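Take a look at the structure set out below.
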Amino acid sequence: MPPRTFISSRFATPADYILARDYCSYGYFLLAPNDWDPSTAAFRRVLSLASGAVTVRVSQPGANANIETGAPLEIYAEKKLNRDEWTQVHASLVRMLRLDEDAAVIGSFHKLDPRWAVKSRSSRSFNLKRSKSGPGRGRLMRSPTFFEDVIKTVTSCNVTWPSTVNMNRRLCEALGERTPTGGYAFPTAEKLARVNPATLRARCGVGYRDQRIVDLAKLFRTPASRGGIDPAWYENPATPDDEIYNALVELPGIGPYAAANIMQLLGRYARLPLDTESIRHAKNVLGMTGSDRDLMKRLQAHYAPFGPHAFRSYWFELWTFYESRQGPAWTWERETTAKAFTAAALKKVPMVDLS
DNA sequence: GGTAGACCTGGACGC
DNA sequence: GCGTCCAGGTCTACC
């Protein structure tokens with residue numbers, strides 16, 4: 001029997017918003033404590049509020065594939081929340097779903113790269129007719145906090161995707177606050193800063209990342225005046241890109257790839273987090289040849305015309321390729337899909353024609 | 001500034 | 001079922 005729930009007032013969404021498409025737009029939607037249910041096109045997750053952890057379920061009744069967009073979200077919580085708590089839930093969802101991203105900025109992206117605008121030719125060529133692709137994709141899912149985005153990025157470095165899935169599940173189960181109905185939150189910086197690295201390694205399978213994760217958590221608990229991390233400085237649009245990048249690569253466990261990835265999670269899309277997947281994409285999809293170093297340079301040049309939207313152009317190409325192999329992302333199951341994204345599986349994919 | 005090797009986990013493969 | 005190989009980005013030592 002499902003737990004008793006309370007419905008909130010509905011949350012408005014931007015006119016172009018489709019939950020199934022825009023929530024399932026980045027791999028983190030498959031990582032705990034995020035829990036997407038393809039059968040109902042809704043997701044559950046435990047949010048850490050000031051008063052404690054609470055499970056919410058988010059759906060978008062009325063949104064129709066390729067037809068109706070911008071329907072309001074319906075939010076259910078497992079317990080009754082007061083106004084302040086609902087405000088915190090709303091703020092978390094706005095960040096996760098990028099509901100506050102300026103439509104004009106997304107419009108400027110579509111002007112630079114019309115492939116992702118309404119009824120684009122490329123959308124059809126990728127056989128997305130059955131997907132909830134809808135008019136103009138541009139928003140990318142992320143975490144409710146900057147801290148979670150940073151730790152998730154560290155767990156995705158130098159590891160295959162199934163291991164990243166396991167690490168995040170075990171982090172939540174071992175160290176996340178538990179709700180009365182058995183859900184787990186993502187561990188807070190306070191919690192991770194107090195964990196012994198050896199314990200983290202043994203219980204969560206994070207390997208050599210143990211010390212780096214604990215050090216990062218401690219930095220999030222340290223005031224900026226004493227050399228700690230100030231999330232507001234990173235989230236501030238007025239902070240220059242170069243300053244953020246230079247600060248990120250100084251952090252433990254954060255190199256060029258992780259820094260560029262965290263920057264796109266901050267809504268700064270000019271830099272490309274290039275990795276071995278990028279090399280595969282360059283060869284299999286873009287038809288490029290040459291050494292890995294050459295391909296990295298050619299990829300940078302290839303996406304340079306998209307300027308401040310370079311990552312979006314790159315990512316939607318990559319994501320659409322994945323959907324061409326596995327079906328629309330909103331149909332993916334977390335556990336069964338994970339193995340489809342191993343390097344071995346993707347290497348078996350033949351050359352793809354993007355024209 | 002560039003490069004080689006270590007770091008750790010889990011999937012793939014051979015026996 | 002077991003052992004071995006390999007993929008993956010960051011860090012450090014070294015040239």
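Chain identifiers are assigned alphabetically (A, B, ...) following the order of the sequence lines, protein sequences preceding nucleic acid strands; residue numbering begins at 1 within each chain. Computed from a prediction, not measured in an experiment: that's the story for all the values here.
Listed candidates were dT10(C), dG9(C), dG8(C). Nearest to the side chain of R209(A) is dG8(C). The side chain of D275(A) sits closest to dG9(C) out of dT10(C), dG10(B), dG9(C). Closest to the side chain of N166(A), from the set dT3(B), dG10(B), dG8(C), is dG10(B). Among the nucleotides dG2(B), dT10(C), dG10(B), the one closest to any side-chain atom of R293(A) is dG2(B). Checking dG11(B), dC8(B), dG8(C) against every side-chain atom of V159(A), the shortest atom distance belongs to dG8(C). Minimum atom distance to the side chain of P162(A) is reached by dG11(B), of the listed dG11(B), dC7(B), dT10(C). Listed candidates were dC8(B), dC11(C), dG10(B). Nearest to the side chain of R201(A) is dC8(B).
Looking at heavy-atom distances under 4.0 Å, L274(A) makes no contact with the nucleic acid at all.
For R203(A) and dC8(B), the CZ to P distance is 20 Å, given to the nearest whole Å. Summarising the geometry, the separation between CD1 on I213(A) and P on dC8(B) is reported as 13 Å, rounded to the nearest angstrom. Rounded to whole Å, the distance from CD1 on I262(A) to P on dT10(C) is 9 Å. Atom CG of L251(A) and atom P of dG9(C) are 19 Å apart (whole Å). When the P atom of dG9(C) is taken as reference, atom CG of L248(A) falls 18 Å away, rounded to whole Å. Rounded to an integer number of Å, the gap from CG of N158(A) to P of dT9(B) is 12 Å. When the P atom of dC8(B) is taken as reference, atom CE of M167(A) falls 12 Å away, rounded to whole Å. Between the C1' atom of dG9(C) and the CH2 atom of W161(A) lies a distance of 15 Å, rounded to the nearest Å.
Under the 4.5 Å side-chain contact rule for hydrophobic residues, L266(A) and L97(A) do not share a cluster.
Remark: side-chain polar atoms of R170(A) are paired, donor with acceptor, to backbone N or O of R203(A) under 3.5 angstrom.
Residues Y303(A) and F311(A) place their aromatic rings such that the two centres sit no closer than 6.0 Å. A centroid separation of 6.0 Å or more is found between the aromatic rings of W319(A) and W330(A). Taking the six-membered ring for Trp and the full ring otherwise, Y23(A) and F43(A) have centroids separated by under 6.0 Å.
Side-chain N/O atoms of Y257(A) and base N/O atoms of dG8(C) include no donor-acceptor pair closer than 3.5 Å.
Note on R170(A): a side-chain N or O is less than 4.0 Å away from OP1 or OP2 of dG10(B). At least one side-chain nitrogen or oxygen of T276(A) sits closer than 4.0 Å to the OP1 or OP2 atom of dG8(C).
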